[in-house]
Amino acid sequence: MAQPLDPDMFTGCPPHAAPIRVGDKWTAKIIRCLEPGPQRFTALQAPLRGITPKVLTESLRAMERDGLLTRTAYDEIPPRVEYELTDLGRSLIEPMNAGCEWSRKHLAELLHARDTWYATTP
């Protein structure tokens, strides 16, 4: 199993939605959380501040439905469930990296363009 996720892994990220959207608000962040390896539900909650258990469950189910991750339930007491990226899910990492790099280079320009647009649009 991968090392525990850093609860502060998204600290410093802009509060704006990524210019390249994968599914919904949480999908790209869940992919990042699963990038190092399989994770349990509670481990995913730490860095995903603000996500409710219901929304995390819905997001994980949708990602499983879309073939981006697998859910493995182990017959143990207490029960253990792990989520892991599939090859399809991992194929999104490179484009997400490109999107992150683009954001680092151009986010200020994008935000300035938005501000200008709102200031000049009735």
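Here, residue 1 is the first one in the sequence, and each next residue gets the next number. Just so we're clear, the structure is a prediction, and the values are computed from it rather than from any experiment.
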- prompt: Going through the checks in order, is the side chain to side chain contact (heavy atoms under 4.5 Å, CB included) test met by Asp66 and Leu88?
  reply: CA-CA 9 Å; Asp66 292 343; Leu88 180 62; over 6 Å; no

message: Pair Leu5, Leu44 - check side chain to side chain contact (heavy atoms under 4.5 Å, CB included), show working.
response: CA-CA 8 Å; Leu5 294 172; Leu44 292 170; 4.3 Å; yes

message: Could you walk me through whether Arg32 and Met96 satisfy the side chain to side chain contact (heavy atoms under 4.5 Å, CB included) test, starting with their C-alpha distance in whole Å, then the side-chain angles of each, then the deciding distance to 0.1 Å, before giving a yes or no?
response: CA-CA 9 Å; Arg32 283 289 183 219; Met96 285 173 48; 3.8 Å; yes

task: Show the numbers, then the answer: is there a side chain to side chain contact (heavy atoms under 4.5 Å, CB included) between Thr70 and Glu64?
output: CA-CA 6 Å; Thr70 59; Glu64 182 181 15; over 6 Å; no

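Cys100 SG to Leu107 CG: the interatomic distance, rounded to the nearest 0.5 Å, is 11.0 Å. Here CD of Gln39 is found 10.0 Å from CG of Leu85. Values are rounded to the nearest 0.5 Å.
Considering only heavy atoms from C-beta on, Leu48 comes within 4.5 Å of Trp26 through its side chain. Proximity of Leu68 to Thr27: side-chain heavy atoms (C-beta onward) are separated by under 4.5 Å at one or more points.
Annotation: Asp8, atom CG; neighbour count of heavy atoms from other residues, nucleotides and ligands within 6.0 Å is above 12. Other residues, nucleotides and ligands contribute more than 12 heavy atoms inside 6.0 Å of the CD atom of Glu101.
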Side chains of residues 54-62: which donor-acceptor pairs under 3.5 Å do they make with residues two or more places apart or in other chains?
residue	atom	partner	partner atom	Å
Thr57	OG1	Pro53	O	2.9
Ser59	OG	Val55	O	2.9

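Taking all atoms of both residues into account, the shortest heavy-atom contact from Glu84 to Pro38 is CD-CG, 3.7 Å. Between Met9 and Cys33 the shortest heavy-atom distance is SD-SG, 4.0 Å. For the residue pair Gly89 and Ile31, the shortest heavy atom distance occurs at O-CG2, 4.3 Å. Of all heavy-atom pairs spanning Leu34 and Tyr83, the tightest one is CD2-O, 3.3 Å. Pro7 and Arg49 make their closest contact through O-NH2, 2.8 Å (heavy atoms, listed as atom of the first residue, atom of the second, distance).
The backbone N or O of Gly99 lies less than 3.5 Å from no partner atom in the side chain of Arg104, so there is not a single donor-acceptor pair. Within the 3.5 Å criterion, the main-chain N or O of Glu35 finds a donor-acceptor partner in the side chain of Arg90.
The salt bridge (Lys or Arg N to Asp or Glu O under 4.0 Å) analysis of residues 68-77, with sequence neighbours excluded, yields the pairs Glu76-Arg80.
Between the side chains of Glu109 and His112, no donor-acceptor pair of N or O atoms lies under 3.5 Å.
In the hydrophobic clustering, Trp117 connects to Tyr118, either directly or through intervening members, whenever side-chain heavy atoms lie under 4.5 Å apart.
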